[in-house]
Amino acid sequence: MNEKIGKTVFRLYWAWNDDKEERWLRRMAQAGWHLVRPRGFFYRFEKGDPADIVFRLDYQGPSKSDRREYLGLFKDAGWEHVAEFSNWHYFRIAAGDGPAPEIHTDVESRIAKYRRLLGLLAIIMLAVWVPVLTSHPEKQHPLLFWGIVRGLQVTCAIFMGYAIIRLGLKIRRLSKGRPERMG
Amino acid sequence: MSEIEDKARKHLPLSEATYYVLVSLVEPRHGYGIMQNVAVVSGDRSKLGPGTLYGALTNLLKQGLIIRAGEQDLKGERRKVYALTELGRAVLLLESERLERLVQIGRDVAGRLRAARREG
């Protein structure tokens, strides 16, 4: 019996850099490491034959009632659904000749994808900022404790703000292209 | 008729992807059928990716330009079939007429430019 050789790789990717992540997954597959499942910043790979495989990431909002319809479209178009992680869907397809296959073939739907993500970040942002502005941990807890809590809250809030700005810039850059043209 | 035309006019102009989807649904089709049809009518010049198609279908359903019209078998799996609504037909007709007018103008100007180039 040959047991599958696997490895887990830690890699930090920002949500607005999903195209970089796609290229990295392709390079890994070319080297014979095939993605099994992504878990946050931990990617599980299995060793296999090197193959030129294109990866594409799609972001969908939570609670899809038409999930079967969604996945069916990709399957019929030849894409394999590799994994799903917190509303991110990982698809792959053999590269073939010519330009790398795309799941989004116009700028509009690419922008819509980042807008959905932006919506999620905005909700998290609110969830982070509201307690920062309304809670008064100093009234109940010793100084050191509330200092740490406050520090974490503010760090998180600043980070979310940064993420939202980066995503906003990405959307702006995309919309300066030609939204009407397809293909 | 004019009431539905007024409603339809608000959807113009359509994006290329949306137009291709509506054109494909002159006959009811499932998603894969739409993708194939786009490749055929565009002579393989345009490709409709599943992510873009899914977004377009979702929007068109929400706007009431298309509806789900039963299911069809595709390689042993059930697939939803989509069809134009009355409003969808009106939008497609209006947009096609708008494009027709543009093409007419394009033909005229291209003809004049070519003639001018020949004369040096």
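Chain naming here is simple, since letters A, B, ... match the order of the sequence lines and numbering starts at 1 in each.
- A:R68 meets the side chain to side chain donor-acceptor pair (under 3.5 Å) test with no other residue; sequence neighbours excluded.
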Chi angles and distances behind the side-chain hydrogen bond (donor to acceptor under 3.5 Å, both in side chains) call for A:D66, B:Y54 = CA-CA 10 Å; A:D66 53 355; B:Y54 176 76; 3.0 Å; yes

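- B:Q36 does not touch chain A: none of its heavy atoms, backbone or side chain, sits under 4.5 Å away.
- A pairwise comparison of heavy atoms in B:S15 and A:E108 identifies CB-OE2, 3.2 Å as the closest pair.
- Between A:E69 and B:R79 no salt bridge is recorded (no basic side-chain N to carboxylate O distance below 4.0 Å).
- The number of heavy atoms from other shown groups lying within 6.0 Å of CZ (A:R115) does not exceed 12.
- B:Y19 and B:I34 fall within the same hydrophobic cluster, where Ile, Leu, Val, Met, Phe, Trp and Tyr residues are linked whenever their side-chain heavy atoms come under 4.5 Å apart, directly or through other members.
- Annotation for A:K75: atom NZ does not count as buried by contact number, only 12 or fewer foreign heavy atoms lying within 6.0 Å.
- Other residues, nucleotides and ligands contribute over 12 non-hydrogen atoms within 6.0 Å of the CZ atom of A:R116.
- The minimum heavy-atom distance between B:G31 and A:L73, with the atom names listed, is CA-CD2, 3.5 Å.
- In terms of heavy atoms, B:T52 sits closest to A:S109 at OG1-OG, 2.6 Å.
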Less than 3.5 Å apart, which donor and acceptor atoms pair up between the side chains of residues 38-50 of chain A and the rest of the protein, not counting sequence neighbours?
| residue | atom | partner | partner atom | Å |
| --- | --- | --- | --- | --- |
| A:Y43 | OH | A:E21 | OE2 | 2.8 |
| A:R44 | NH1 | A:T8 | OG1 | 2.9 |
| A:K47 | NZ | A:A31 | O | 3.1 |

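- Taking each heavy atom of A:F74 and B:P50 in turn, the nearest pair found is CD2-CG, 3.6 Å.
- Panel note: side chain A:T105, backbone B:G49; a donor-acceptor pair is recorded below 3.5 Å.
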